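First the structure, in the form of structure tokens, and then the observations on it.
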Amino acid sequence: MSKSAKIAVGGVAVGLFLWLWLPWWAVFLIVVGVPTAAYLTLDPSQRRRLRRVASKEIGR
């Protein structure tokens, strides 16, 4: 199993656990808020690089 697959499986497991123990709005805030906060902590050059890589993957 690749590293990306392990991270995805772990994310799904954490999401299901949170879904059971927290109200839906709290889970939504976590699911949306954590990636947003991580993106905002990047330097502008890192954001450009991330957008460039993401757009190349979309064009595959």
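Computed from a prediction, not measured in an experiment: that's the story for all the values here.
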Would you please name every residue forming a side-chain contact (heavy atoms from CB on, under 4.5 Å) with [X], sequence neighbours left out?
X	result
T41	none
W21	F17
S45	D43, R48
I30	L18, L22, V34

Of all heavy-atom pairs between V32 and P35, which one has the smallest distance, and what is that distance?
->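 The answer is O-CD, 3.6 Å.
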Greater than 12 external heavy atoms within 6.0 Å of R47's CZ =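 Counting neighbours around CZ of R47, more than 12 heavy atoms of other residues, nucleotides or ligands fall under 6.0 Å, so yes.
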If you group Ile, Leu, Val, Met, Phe, Trp and Tyr whenever their side-chain heavy atoms sit less than 4.5 Å apart, what else falls in with L16?
->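 Traced through the cluster, L16 reaches V12.
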Is it true that L40 and L50 fall in one hydrophobic cluster, defined by side-chain heavy atoms closer than 4.5 Å?
-> yes
Taking only residues two or more places apart in sequence, or in another chain, which ones meet R51 in a side-chain hydrogen bond (donor to acceptor under 3.5 Å, both in side chains)?
->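 For R51 the side-chain hydrogen bond (donor to acceptor under 3.5 Å, both in side chains) partners, ignoring immediate neighbours, are Y39.
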